[in-house]
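A short write-up of the structure that comes next.
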Amino acid sequence: MINLFLSSMMLAIEAQKVVELRMVRLAWGGQEGWAEAQSMVTEKVSAAGEAMVTLSFGGSPDAVIARYREHVAANTKRLAAP
């Protein structure tokens with residue numbers, strides 16, 4: 001239970017960086033802003049579906065959070081690149 005709590009807290013902290021980077025990209029607007037807005041929606045729907053499938057087939061909440069953290073790390077890397 002403690003591991004689930006700590007993983008959830010880390011996810012919340014890590015996700016804040018993605019929110020910051022995305023807000024900057026959206027604020028700049030243009031083609032990159034529109035692409036990022038579309039990407040956000042697509043990624044969220046896909047991640048929710050992935051979580052649902054994981055839980056439906058007996059996966060643990062820890063596994064879902066770990067996978068979300070992988071997505072967040074990938075987004076941080078992608079958005080922070082020059």
Side-chain angles (χ1 to χ4, degrees):
M1 183 59 99
I2 290 177
N3 189 35
L4 180 62
F5 174 75
L6 292 176
S7 294
S8 298
M9 292 303 297
M10 288 302 299
L11 175 61
I13 292 167
E14 294 161 353
Q16 289 302 309
K17 185 64 176 176
V18 174
V19 171
E20 173 193 352
L21 293 168
R22 279 191 160 154
M23 292 302 293
V24 169
R25 187 150 304 179
L26 292 171
W28 279 102
Q31 189 61 31
E32 285 187 2
W34 279 107
E36 191 59 37
Q38 290 175 333
S39 173
M40 278 185 352
V41 173
T42 303
E43 288 175 5
K44 289 185 187 316
V45 170
S46 176
E50 187 178 336
M52 180 183 68
V53 169
T54 299
L55 293 172
S56 295
F57 284 99
S60 69
D62 283 325
V64 171
I65 291 173
R67 185 67 178 134
Y68 267 103
R69 288 183 71 196
E70 289 175 14
H71 288 297
V72 168
N75 279 326
T76 300
K77 184 176 180 180
R78 177 180 60 82
L79 291 166

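Nothing fancy with the numbering, it's 1 onward along the sequence.
Leu79 places a side-chain heavy atom less than 4.5 Å from the side chain of Arg25. Taking 4.5 Å as the limit, some side-chain heavy atom of Arg67 sits within range of a side-chain heavy atom of Glu50.
In this structure, Ile65 CD1 and Thr54 OG1 are separated by 12.0 Å, a value rounded to the nearest 0.5 Å. In this structure, CE in Met40 is found 10.5 Å from CD in Gln38, a value given to the nearest 0.5 Å. A distance of 12.0 Å separates CD of Glu14 from CG of Asn75, quoted to the nearest 0.5 Å. One distance of note links OG of Ser8 with CG of Asp62; it measures 8.0 Å at 0.5 Å rounding.
Side-chain N or O atoms of Ser56 include one that pairs as donor or acceptor with a backbone N or O of Met52 at under 3.5 Å.
Here the options are Leu4, Leu11, Asn3, the test is side chain to side chain contact (heavy atoms under 4.5 Å, CB included), and the partner is Ser7; only Asn3 passes.
Screening residues 27-37 for side-chain hydrogen bond (donor to acceptor under 3.5 Å, both in side chains) gives Arg22-Glu36, Glu36-Arg78 as the qualifying pairs, with residues at least two apart or on separate chains.
Heavy atoms only, all atoms of each residue included: Tyr68 and Ala51 are closest at CE1-CB, 4.0 Å. Minimum heavy-atom separation, Val18 to Thr76: CG2-OG1, 3.2 Å.
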